[in-house]
Amino acid sequence: MRDFVVVGAGPAGSRFARGAAERGHDVLVLEQGEVGRPLACSGHVSLDIWEYVPDEARDDLFQNAIHGARFHLGGADSPAHPFYRDEPISNAIDRVGLDKTLAQAAADAGADVRDHHTVTTVEEHRESVTVTARGPDGLERFESRLVVGADGPRSRVREQCGLPEPDEFLHGVLGFDPEPDHQEFVDVHLTVPTFFAWRIPRGDAGVEYGLAVRPGDDAKARFSALLDDYDADLCERCSGLIPVGPPKRVTGKRSLLVGDAAAQTKPFTGGGILYGMRAADHATRVVDPARPETVGDYEDAWRSELRTEQRLGHLVRAGYSFPESLQELGMRAFSGKIGVHMDEPSTLFSREQLKALLSWG
Ligand SMILES: Cc1cc2nc3c(=O)[nH]c(=O)nc-3n(C[C@H](O)[C@H](O)[C@H](O)COP(=O)(O)OP(=O)(O)OC[C@H]3O[C@@H](n4cnc5c(N)ncnc54)[C@H](O)[C@@H]3O)c2cc1C
């Protein structure tokens, strides 16, 4: 019997698998397709990402250094309110390459990573879990002490284990214009309901355009309008769901969810790569497969790390729906040099940030 079957080799699943294998556990990872594909993510991350990947992968994954964001209340030609730092705040990275790198790190640590295995059912028993997957040779059954659902926003493990759904799903769309762009600013447009549209310069990899809205808010038409506005010529498009607002419970008798399956995302950007990996680290630290009740310690640990940031993230997002006059005032007051960490909205309310605000007068 395995110690853990991990469903999904995205950032959260591979991070968990690596950590658990390093602790000497017997770990099997099942990924439904090719690792990293299909792409449905901007790969715009804080510099913390480099703590999670081997040093030698850095040059291959890096695409562009971002120093700040230009906020707009209108389209491409509307006035820009820049927020920035002298040094880089974030990087655009090769997201497909990231997934492959993290899965390889898990395999190097001893995890058995199998792609082209789609998990169809999960049965929690008293002494074990049975995970059934459709692979190249037909249906296969795997016995494990615990199952880890790292299978993204529409988690099969969550559904099979009867765990509750996240509060909300946003529909994200994005596309790439191959024209190289090495600018240091992303553009953020508060022109779609309850969220935003974006433009990310990705160095030699081109420019990315994207937006996210609630289902029913016509992502397709709004995306066409954004592309027309910028006169963008796309070579590739994709879309995906962004879960926002974690369910009340992300653990069962012999199951736990990590990453998007548990809605471990930033409510004000939809980003989940780093939150999911931070939560996965808590899981590997506290969950003992021989003592399934330790999943409760994971439930406490990840919430105490991310709860405040997620609550503040909701507050920041509420600002996207303020009346335009209020947004204009806020932009004028706050734009300029900032001291914030993009994964930690609490830094918006920090003493350093306050000092910086006062010093600009
Ligand atoms: C448009 C868009 C833009 C985004 N931009 C950013 C960004 O710039 N920065 C950021 O931090 N986050 C961003 N995100 C969010 C980010 O993509 C997710 O938070 C992140 O991918 C979550 O990682 P994960 O490992 O939990 O899930 P995923 O990356 O979704 O990985 C889940 C894996 O499970 C596999 N899987 C699913 N079902 C099964 C099954 N039944 N059997 C086997 N395998 C299965 C999938 O194939 C997938 O490989 C964006 C999301 C969207 C939609």
Side-chain angles (χ1 to χ4, degrees), residues 5-17 28-46 48-49 52 63 66 90-96 98-100 102-103 106 113-122 131-135 140 142 147-160 166 169-176 186 195-198 200 202 208-213 219 223 237-244 250 257-280 342-343:
V5 170
V6 180
V7 184
S14 291
R15 180 71 185 178
F16 177 88
L28 170 67
V29 183
L30 300 172
E31 165 55 46
Q32 66 185 356
E34 176 191 335
V35 173
R37 299 276 181 196
L39 174 67
C41 176
S42 305
H44 177 224
V45 282
S46 77
D48 291 1
I49 193 68
Y52 294 82
Q63 292 179 334
I66 306 294
S90 55
N91 285 170
I93 61 164
D94 170 0
R95 173 61 208 273
V96 175
L98 175 73
D99 281 23
K100 290 189 188 302
L102 296 172
V113 182
R114 300 190 196 176
D115 57 10
H116 301 289
H117 280 75
T118 303
V119 169
T120 53
T121 61
V122 178
V131 177
T132 306
R134 201 178 332 101
E140 291 176 68
F142 303 96
V147 63
V148 180
D151 47 348
R154 282 274 174 240
S155 169
R156 185 78 171 173
V157 176
R158 188 176 67 223
E159 179 251 310
Q160 287 282 298
F169 292 99
L170 298 174
H171 179 196
V173 290
L174 49 83
F176 302 92
V186 298
F195 214 69
F196 58 84
W198 62 84
I200 302 176
R202 311 192 69 94
E208 177 197 314
Y209 297 89
L211 58 78
V213 288
F223 191 48
R237 291 168 189 250
C238 50
S239 70
L241 287 180
I242 299 174
V244 180
V250 301
L257 307 176
V258 291
D260 273 19
Q264 288 159 343
T265 59
K266 294 183 277 183
F268 65 114
T269 67
I273 295 173
L274 280 156
Y275 278 16
M277 289 201 287
R278 280 161 67 176
M342 77 179 265
D343 296 332

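One-based numbering, in listed order, for ligands and for the atoms of each. Small disclaimer: the values here were computed from a predicted structure and weren't measured. Start at 1 with the first residue, then count along the sequence.
Under 4.0 Å from ligand 1, the heavy atoms of V7 that appear belong solely to its side chain. For I242, every heavy-atom contact with ligand 1 shorter than 4.0 Å involves the side chain, none the backbone. Contact annotation: for V119 versus ligand 1, heavy atoms closer than 4.0 Å belong to both the backbone and the side chain. Contacts with ligand 1 closer than 4.0 Å are made by backbone heavy atoms (N, CA, C, O) of L241 only, the side chain lying farther away. For A150, every heavy-atom contact with ligand 1 shorter than 4.0 Å involves the backbone, none the side chain.
Using a 4.0 Å cut-off to heavy atoms of G271, the atoms of ligand 1 that qualify are 10 (C), 11 (O), 12 (N), 13 (C). For ligand 1, the atoms lying closer than 4.0 Å to a non-hydrogen atom of H117 are 42 (N), 43 (C). Every atom of ligand 1 with a heavy atom of H44 under 4.0 Å away is listed here by number and element: 7 (C), 8 (O), 9 (N). Near L30, the atoms of ligand 1 lying under 4.0 angstrom from a non-hydrogen atom of the residue are 43 (C), 44 (N). Close approach to A12 involves these atoms of ligand 1, each under 4.0 Å from a residue heavy atom: 25 (O), 26 (O). Listed by number with element, the atoms of ligand 1 under 4.0 Å from a non-hydrogen atom of L174 are 1 (C), 3 (C).
When the shell of 6.0 Å around CZ of R154 is examined, it contains more than 12 heavy atoms from other residues, nucleotides or ligands. Crowding of R134 atom CZ: a count of heavy atoms from other residues, nucleotides or ligands under 6.0 Å not exceeding 12.
In this structure, T120 contributes its side chain and T132 its backbone to a donor-acceptor pair below 3.5 Å. Judged by distance alone, with hydrogens and angles left aside, the side-chain atoms of Y209 form no donor-acceptor pair with the main-chain N or O of A197 at under 3.5 Å. Side-chain atoms of Q32 never come within 3.5 Å of backbone atoms of T118 as a donor-acceptor pair (strictly under, hydrogens ignored). The backbone N or O of R156 sits less than 3.5 Å from a side-chain atom of D151, completing a donor-acceptor pair. Between the T269 side chain and the G271 main chain, a donor and an acceptor come within less than 3.5 Å of each other. Using modelled atom types, one side-chain atom of R158 and one backbone atom of P153 make a donor-acceptor pair closer than 3.5 Å. With R95 contributing its side chain and A40 its backbone, the two residues share no donor-acceptor pair below 3.5 Å.
Within the 4.0 Å heavy-atom cutoff, R15 does not count among the residues contacting ligand 1. Ligand 1 is never approached by G210 to a heavy-atom distance shorter than 4.0 Å. Every heavy atom of L170 sits 4.0 Å or more from the atoms of ligand 1. Ligand 1 is approached by G270 to a heavy-atom distance shorter than 4.0 Å. Residue contact check for ligand 1: Q264 places no non-hydrogen atom closer than 4.0 Å to it.
Between R278 and D343 the shortest side-chain heavy-atom distance falls below 4.5 Å. Looking at heavy atoms from C-beta onward, S14 lies out of side-chain contact with D99 at the 4.5 angstrom threshold. A 4.5 Å side-chain heavy-atom check between M277 and I49 finds at least one atom pair inside the cut-off.
Looking at G272 next to ligand 1, an N or O pair under 3.5 Å apart turns up. For ligand 1, the polar-atom distance check against R95 finds a nitrogen or oxygen pair separated by under 3.5 Å. Taking any N or O of Q32, backbone or side chain, at least one lies under 3.5 Å from an N or O belonging to ligand 1. Between E31 and ligand 1, a contact under 3.5 Å exists for at least one N or O pair. For D260, a nitrogen or oxygen atom sits less than 3.5 Å from a nitrogen or oxygen atom of ligand 1, counting backbone and side chain alike.
Counting only heavy atoms of the protein, atom 34 (O) of ligand 1 lies nearest to G8 CA, 3.2 Å. Atom 37 (C) of ligand 1 has as its closest protein heavy atom D151 O, 3.4 Å. Closest protein heavy atom to atom 14 (N) of ligand 1: C41 SG, 3.6 Å. From the protein, the heavy atom lying nearest to atom 27 (O) of ligand 1 is G152 CA, 3.8 Å. At the shortest separation from atom 5 (N) of ligand 1 among protein heavy atoms lies S42 N, 3.1 Å. When hydrogens are left out, the protein atom nearest atom 31 (O) of ligand 1 is G10 CA, 3.5 Å; that is the closest non-hydrogen contact.
L98 contributes atom CG, which lies 11.5 Å from atom NZ of K100 (distance to the nearest 0.5 angstrom). In this structure, E208 CD and I200 CD1 are separated by 4.0 Å, a value rounded to the nearest 0.5 Å. For the atom pair CG of L211 and CZ of F196, the computed distance is 10.0 Å after rounding to the nearest 0.5 Å. Distance CD1/I242 to CZ/F195: 5.0 Å, rounded to 0.5 Å. With rounding to the nearest 0.5 Å, the separation of CD1 in I93 from SG in C41 is 8.0 Å.
Closest heavy-atom approach to atom 11 (O) of ligand 1 among the candidates D115, V186, I273: I273. The nearest non-hydrogen atom to atom 52 (C) of ligand 1, considering only G240, P38, A40, comes from A40. Considering G36, G259, P11 only, the shortest heavy-atom separation from atom 23 (O) of ligand 1 involves P11.
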